[in-house]
Amino acid sequence: MIQMKNVYKKYPNGIVALNGLTVGIEQGEFVYVVGPSGAGKSTFIKMMYREERPTSGQMLINGVDLATLKNKKVPLLRRQIGVVFQDFKLLPRLNVYENVAFALEVIEETPEKIRKRVMEVLELVGLKHKARMFPTELSGGEQQRVSIARSIVNKPKVVIADEPTGNLDPETSWDIMDLFEQINATGTTILMATHNREVVNNRRHRVIAIEGGLIVRDVAGGDYGYEG
Ligand code: ADP
Ligand code: ADP
C-alpha cells in the first residue's frame, strides 16, 4: 500500500534528509522506524502524509503518487491516514469529544451518526467517561488516547505515529502500545517512529532502521538494535 522508490529529500537549507530511499509496506503491517537523531525518521514519516514532498523519487500510497498529487487532493489523502504525535497536538479549547469530532470528515452524516462514531472510538480508547473533559484536565497517557481516537475516527487504512510514547512513563507506554496493536488487529497499517528500545524489543514487529537518510536494516520481528 506504501511504495517509496529512490526517494530523495533535500531541504531548502541544503540538508539531505533522505538519500534515495526505497521501501514497500503492505496493508496491515506494523512497522517500527528506528535510528539515531537526525537520521531522517521524521522526514520519512512526514512524506507519508504529505507534510513534506520528495525532491525526487516516487512515492505511492494506494496507487496515488504523492510527488505529483495536487494540493487540493491532500485532504482526500489525509482522510486515509491517521497521525499521532509525541506531543499529542490536541486543541486546548475543545473538550475530548470535540477534539475527536472536529477531526471527523463529515460527509452528509446525521448528527446521530457522528455522535455514535465519536463515542465508539472514545470507548475503544477507554475514555468515553471523560468526553466532556479538557486536554489540560487529563494525564499524558489520556491525552495520547484522545489523539489516537482522533487518528482512527475516519477509519483510515494507515496510522502514522511519530514517537507516540516519547512523553509517557513506561507503564503508560505499554497501554498505548496495546491500543496500537488492537488497531493493527483490525487490519490498519501502523507505522511508528520510536526511540523506545523496550517497546521494540518486547512487542516484536517489522523494524526499519534509518541512518543518513537510507534504510540500513529491515527485519521482520527485529530488535531495536541500538544501545541505550
Ligand atoms: P530524525 O527524525 O531521525 O531525527 P529528521 O528527519 O528530523 O530526523 O531530520 C533529518 C535531517 O534533516 C536532520 O539533519 C535535520 O536537521 C534536517 N531537517 C529536518 N527537518 C528540516 C527542515 N524543515 N528544514 C531543514 N532541515 C531539516
Ligand atoms: P464498522 O464499519 O461496521 O463500524 P469496522 O470494522 O470499521 O466496522 O470497526 C469495527 C470496530 O473497530 C469499531 O468499533 C471501530 O471503532 C474499531 N476500529 C478501531 N480502529 C479502527 C480503524 N482504524 N478502522 C476501522 N475501525 C476501527
Inset, instruction - Could you tell me whether the side chain of Asp223 and the main chain of Asn201 form a donor-acceptor pair under 3.5 Å? - result: no
Legend entry - Hydrophobic cluster membership, Val31 vs Tyr224, 4.5 Å side-chain cutoff: no
Inset, instruction - Enter the distance from Gln86:CD to Thr194:OG1 here, rounded to the nearest 0.5 Å. - result: 9.0 Å
Legend entry - Shortest non-hydrogen contact from Gly82 toward Pro156: N-CB, 3.6 Å
Legend entry - Any donor-acceptor pair under 3.5 Å from Arg78 side chain to Tyr49 backbone: yes
Inset, instruction - Look only at the side chain of Thr165 and the backbone of Leu168, and say whether a donor-acceptor pair between them is shorter than 3.5 Å. - result: no
Legend entry - Heavy-atom closest contact (Ser151 atom, Val159 atom, distance): OG-CG1, 3.9 Å
Legend entry - Any side-chain heavy-atom pair of Ser173 and Asn196 under 4.5 Å: yes
Legend entry - 4.5 Å side-chain heavy-atom contact, Arg145 and Leu179: yes
Inset, instruction - Drop me the distance from Ile183's CD1 to Ile152's CD1, to the nearest 0.5 angstrom. - result: 4.0 Å
Legend entry - Same cluster (ILVMFWY, side-chain, under 4.5 Å), Ile81 and Leu60: no
Inset, instruction - Answer whether the closest heavy-atom distance between the side chains of Glu163 and Phe85 falls below 4.5 Å. - result: no
Legend entry - From Tyr226 atom OH to His195 atom NE2, the distance as rounded to the nearest 0.5 Å: 9.0 Å
Legend entry - Exercise: identify the closest heavy-atom pair between Asn154 and Ala103: ND2-O, 3.0 Å
Inset, instruction - Treat each ILVMFWY residue as a node, draw an edge where side-chain heavy atoms are under 4.5 Å apart, and state whether Leu66 and Met1 are in one component. - result: yes
Legend entry - Shared hydrophobic cluster for Val121 and Ile114 (ILVMFWY, side-chain gaps under 4.5 Å): yes
Legend entry - Residue pair Leu127 / Glu142, side-chain heavy-atom distance below 4.5 Å: yes
Legend entry - Donor-acceptor contact present, side-chain Asn95 to main-chain Tyr97, <3.5 Å: yes
Legend entry - Main-chain N/O of Gly213 paired to Asn19 side chain as donor or acceptor, under 3.5 Å: no
Legend entry - Nearest atoms (heavy-atom pairs only) where Arg217 meets Val219: CG-CG2, 3.6 Å
Inset, instruction - Please tell me if the side chains of Phe180 and Val84 come closer than 4.5 Å, counting only heavy atoms from C-beta onward. - result: yes
Inset, instruction - Could you tell me which non-hydrogen atom of Ala193 sits nearest to which non-hydrogen atom of Pro164, and how far apart they are? - result: O-CD, 3.6 Å
Legend entry - Inter-residue atom distance Ile2.CD1 - Leu191.CG, 0.5 Å rounding: 5.5 Å
Legend entry - CD-CG distance between Gln144 and Asp87, expressed to the nearest 0.5 angstrom: 9.0 Å
Inset, instruction - Return yes if some donor-acceptor pair links the side-chain N/O of Arg117 with the main-chain N/O of Val153 below 3.5 Å, else return no. - result: yes
Inset, instruction - Indicate yes or no: at least one non-hydrogen side-chain atom of Ile190 is less than 4.5 angstrom from one of Val158. - result: no
Legend entry - Any side-chain heavy-atom pair of Leu18 and Tyr8 under 4.5 Å: no
Legend entry - Non-hydrogen side-chain atoms of Asn202 and Trp174 separated by less than 4.5 Å: yes
Inset, instruction - Check for a donor-acceptor pair, side chain of Asn184 on one end and backbone N or O of Thr189 on the other, with a separation under 3.5 Å. - result: no
Inset, instruction - Working to the nearest 0.5 Å, report the span between OG1 of Thr186 and CD of Gln182. - result: 9.0 Å
Inset, instruction - May I ask you to decide if Asn6's main-chain N or O and Thr22's side chain share a donor-acceptor pair within less than 3.5 Å? - result: yes
Legend entry - Side-chain donor/acceptor of Arg50 to backbone N/O of Leu69, under 3.5 Å: yes
Legend entry - Intermediate values then yes/no, salt bridge (charged side-chain N to carboxylate O under 4.0 Å, His left out), Arg115 and Glu112: CA-CA 5 Å; Arg115 195 184 146 71; Glu112 296 92 302; over 6 Å; no
Legend entry - Side-chain donor/acceptor of Lys41 to backbone N/O of Pro36, under 3.5 Å: yes
Inset, instruction - Assess whether side chain to side chain contact (heavy atoms under 4.5 Å, CB included) is satisfied between Glu52 and Lys9, documenting all intermediate values. - result: CA-CA 9 Å; Glu52 294 290 349; Lys9 173 67 184 182; 3.4 Å; yes
Inset, instruction - Give the C-alpha distance, both sets of side-chain angles, the deciding distance and a yes or no for side chain to side chain contact (heavy atoms under 4.5 Å, CB included) between Val34 and Ile210. - result: CA-CA 6 Å; Val34 306; Ile210 298 184; over 6 Å; no
Inset, instruction - Mind jotting down which residue pairs meet the side-chain hydrogen bond (donor to acceptor under 3.5 Å, both in side chains) criterion with at least one end in residues 56-68? Sequence neighbours excluded, please. - result: Asn62-Gln80
Legend entry - Residues in salt bridge (charged side-chain N to carboxylate O under 4.0 Å, His left out) contact with Glu29, at least two apart in sequence or another chain: Arg206
Inset, instruction - Kindly indicate, with the supporting measurements, whether the criterion side chain to side chain contact (heavy atoms under 4.5 Å, CB included) is fulfilled by Gln3 and Met59. - result: CA-CA 6 Å; Gln3 281 294 338; Met59 156 102 229; over 6 Å; no
Legend entry - Over 12 non-hydrogen atoms of neighbours within 6.0 angstrom of OH in Tyr11: yes
Inset, instruction - Quick one: do Asp162 and Lys89 satisfy salt bridge (charged side-chain N to carboxylate O under 4.0 Å, His left out)? Show the steps, please. - result: CA-CA 12 Å; Asp162 199 349; Lys89 296 200 193 299; over 6 Å; no
Legend entry - Other residues, nucleotides, ligands: >12 heavy atoms within 6.0 Å of Arg204 CZ: yes
Legend entry - Nearest heavy-atom neighbours spanning Gly187 and Gln27: O-NE2, 2.7 Å
Inset, instruction - Ignoring hydrogens and angles, state whether a donor on the side chain of Thr172 or Asp169 is under 3.5 Å from an acceptor on the partner side chain. - result: yes
Legend entry - hydrophobic_cluster_shared for Leu21 and Val207, side chain cutoff 4.5 Å: no
Inset, instruction - For the pair Leu138 and Val146, evaluate side chain to side chain contact (heavy atoms under 4.5 Å, CB included) and give the outcome as yes or no after the intermediate values. - result: CA-CA 10 Å; Leu138 303 176; Val146 178; 3.8 Å; yes
